[in-house]
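Everything numeric here is computed off the predicted structure, so don't read it as measured data. For reference, positions follow the sequence shown, starting with 1.
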Amino acid sequence: MLDVRRLRILQHLAAYGTVAATADALHLTAPAVSQHLAALQKEAGTPVVEKHGRTLRLTAAGELLVAHTEVILAELAAAESGLAAMKGGRRGTVRISAFASAARTLVPPLFERLNGTGTGTGTGTGTDPAPDNGTGAARDLSLRLSVQEPDEALDELHKRSTDLALVHSYTVLPRSVPAAWEQTVLMEEPVLLALHPDRAGPEGLAAGQPADLSRLAHLPWLTPGPETSCYEMIQRACGAAGFVPDIRASSSDFSVLTALAAADAGAVLVPRMALPDHTAPLSLHPLVRPVSRTVFTVCRAGTGKHPDLRAVVDLLHETATALDDRTAGRPDRPW
């Protein structure tokens, strides 16, 4: 009979790539990992790994076992989630990997709510006690946050180094997620053109008027770094408009890019949530050919019903909805 613990080690080897990294992730020694893999090969009756230079790689049998292991681990996670829900306990730690603007905007209210220092939606005074409104925001539930690009967050989820990935995709840049993983859409937001009013005027753009990118190819552009998906979004949006942007400055921090745009250094395409709280003197414009960003959470199969994780996802959804409502009420951001 195959040992589930050894199957889990094989799955980690597939995710981490080396015996040393697998051992570190599982808090084992490298020799212990090798011994477990050797024992698994005896149980399987066929090699599950083979040497490839100085590393190991999966055989066809090993890949088959990993595929089945993903299903087994998902079912075990679902069983654990069900038991936790029956017990009604919310006493654990939820590890979140989130992209920067979500970490700045959506995650702080979680800490407020769980610490009892605010309403959790960013609309209160920050001094009211955290109410128990049915979301299960127990104060003994703790959070661990790491800020990562979506691809990195999903990789950490695959490696079981995080519990919840807070990621995004664009209409011009879909994101692939394993079909068995559980997704919850939090919000959809427009991508806006931001530039100085003195630059918008000569382009015939009144405040809030939709912008046709194909007429703006001659502008200097400000973009995130090429390692980010937001950079690729801008490349694709400009490419669809028939030009390659002339990049004058790059930064992976949208607050830097909007500050440069406010100084008339160039134009930038920015998701609404990444805008600073005070956008003056920026001139903001939706696009004639709209580009939007979907913000969503992803967790591994079987884990979504765990009370701790469910509480965090519910609070994130609540916060995102409140953010949408507040934005809709701002005359300077009617999008």
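Between Arg144 and Asp163 there is no salt bridge, since no side-chain nitrogen of the basic residue lies less than 4.0 Å from a carboxylate oxygen of the acidic one. Under 4.0 Å is where a charged nitrogen must lie from a carboxylate oxygen, and between Arg272 and Asp324 at least one such pair does. Between Arg248 and Asp246 there is a salt bridge, with a side-chain nitrogen of the basic residue lying less than 4.0 Å from a carboxylate oxygen of the acidic one. A salt bridge links Arg57 with Glu50; the closest basic N to acidic carboxylate O contact falls under 4.0 Å. With respect to Arg113 and Glu318, a salt bridge is recorded, a charged nitrogen being found less than 4.0 Å from a carboxylate O.
The cluster map of Ile, Leu, Val, Met, Phe, Trp and Tyr, joined by side-chain heavy atoms under 4.5 Å apart, puts Val191 and Val288 in different clusters. No single ILVMFWY cluster, assembled from side-chain heavy atoms under 4.5 Å apart, contains both Leu164 and Leu154. By the rule that hydrophobic residues join a cluster once side-chain heavy atoms approach within less than 4.5 Å of another member, Met187 and Leu316 end up as members of one cluster. Under a hydrophobic clustering in which Ile, Leu, Val, Met, Phe, Trp and Tyr are joined whenever their side-chain heavy atoms come within less than 4.5 Å, directly or via other members, Phe111 and Leu141 fall into the same cluster. Tracing side-chain contacts under 4.5 Å through hydrophobic residues (I, L, V, M, F, W, Y), one never reaches Leu216 starting from Leu284; they form parts of separate clusters.
Residues Ser251 and Asp253 bring no donor and acceptor atom of their side chains to less than 3.5 Å of each other. Counted by atom type alone, His158 and Gln11 present zero donor-acceptor pairs between their side chains at under 3.5 Å. Residues Arg175 and Ser229 bring a donor and an acceptor atom of their side chains to less than 3.5 Å of each other.
When all heavy atoms of Ser146 and Ser97 are compared, the closest pair comes out as OG-OG, 3.1 Å. Here the closest heavy-atom approach between residue Leu26 and residue Arg8 is recorded as CD2-NH1, 3.4 Å. Residues Val291 and Ala237 come closest through the heavy atom pair CG2-CB, 4.2 Å. Among all heavy-atom pairs drawn from Phe243 and Leu213, the shortest one is CE2-O, 3.2 Å. Closest non-hydrogen pair, Pro220 versus Arg199, comes out as CD-NH1, 3.5 Å. A pairwise comparison of heavy atoms in Thr228 and Pro224 identifies OG1-CB, 3.3 Å as the closest pair.
For the pair Thr321 (side chain) and His317 (backbone), a donor-acceptor distance under 3.5 Å is present. Proximity of a side-chain donor or acceptor of Arg293 to a complementary backbone N or O of Met273 within less than 3.5 Å is not detected. Without hydrogens or angle criteria, Asp155 side chain to Asp151 main chain gives no donor-acceptor distance under 3.5 Å. Between the side chain of Thr171 and the main chain of Ser292, a donor-acceptor pair closer than 3.5 Å is present. Judged by distance alone, with hydrogens and angles left aside, the side-chain atoms of Arg236 form a donor-acceptor pair with the main-chain N or O of Val172 at under 3.5 Å. With hydrogens and angles ignored, the 3.5 Å screen pairs a side-chain donor or acceptor of Glu43 with a backbone N or O of Asp3. Here the side chain of Glu182 pairs a donor or acceptor atom with the backbone of Gly302 at under 3.5 angstrom. Judged by distance alone, the side chain of Tyr170 and the main-chain N or O of Thr294 form no donor-acceptor pair under 3.5 Å.
Under the 4.5 Å side-chain criterion, counting only non-hydrogen atoms from C-beta, Val49 is in contact with Leu10. Residues Leu37 and Ile9 have side chains in contact (heavy-atom distance under 4.5 Å, counting atoms from C-beta outward). Side-chain contact between Leu7 and Leu65: present, with at least one pair of heavy atoms (C-beta onward) separated by less than 4.5 Å. Side-chain contact check for Glu203 versus Arg215: every heavy-atom pair is 4.5 Å or farther apart. Counting only heavy atoms from C-beta outward, the side chains of Leu186 and Leu166 approach each other to under 4.5 Å. Looking at Leu110 and Ile96, their side chains come closer than 4.5 Å, going by heavy atoms from C-beta outward. Between Cys230 and Ile234, the closest side-chain pair of non-hydrogen atoms is not below 4.5 Å. Leu315 has its side chain within reach of Leu114: a pair of non-hydrogen atoms, C-beta onward, lies under 4.5 Å apart.
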Test log, rule ring pair (Phe, Tyr, Trp, His ring centres under 6.0 Å), inputs His168 and Phe296 | CA-CA 6 Å; His168 62 68; Phe296 59 104; 8.4 Å; no
Given Lys159 and Tyr16, is the side chain to side chain contact (heavy atoms under 4.5 Å, CB included) satisfied, shown in steps?
-> CA-CA 7 Å; Lys159 292 177 178 178; Tyr16 283 87; 3.2 Å; yes
Can you check side chain to side chain contact (heavy atoms under 4.5 Å, CB included) on Val19 and Thr55, steps first, answer last?
-> CA-CA 8 Å; Val19 169; Thr55 62; over 6 Å; no
Assess whether side chain to side chain contact (heavy atoms under 4.5 Å, CB included) is satisfied between Glu149 and Glu227, documenting all intermediate values.
-> CA-CA 9 Å; Glu149 275 289 294; Glu227 73 281 1; 5.7 Å; no
Might you work through the side chain to side chain contact (heavy atoms under 4.5 Å, CB included) test for Leu195 and His285, ending with a clear yes or no?
-> CA-CA 9 Å; Leu195 68 171; His285 306 270; 3.6 Å; yes
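Atom NE2 of His218 is surrounded by more than 12 heavy atoms from other residues, nucleotides or ligands within 6.0 Å.
Distance check: Arg300 CZ to Trp181 CH2 gives 7.5 Å after rounding to the nearest 0.5 Å. Ser250 OG to Leu222 CG: the interatomic distance, rounded to the nearest 0.5 Å, is 9.5 Å. A distance of 5.5 Å separates CG in Leu269 from CE in Met233, rounded to the nearest 0.5 Å. Note that CG of Leu13 and CG of Leu40 are 10.5 Å apart. Values are rounded to the nearest 0.5 Å. Interatomic distance, Asp314 CG to Leu309 CG, rounded to the nearest 0.5 Å: 10.0 Å. Taking OG1 of Thr93 as the reference point, atom CG of Asp308 lies at 8.0 Å (rounded to 0.5 Å).
When hydrophobic side chains of Ile, Leu, Val, Met, Phe, Trp and Tyr are connected at separations under 4.5 Å, Tyr231 ends up clustered with Ile247.
Residues in residues 18-42 take part in these side chain to side chain donor-acceptor pair (under 3.5 Å) pairs, two or more places apart or across chains: Arg6-His36.
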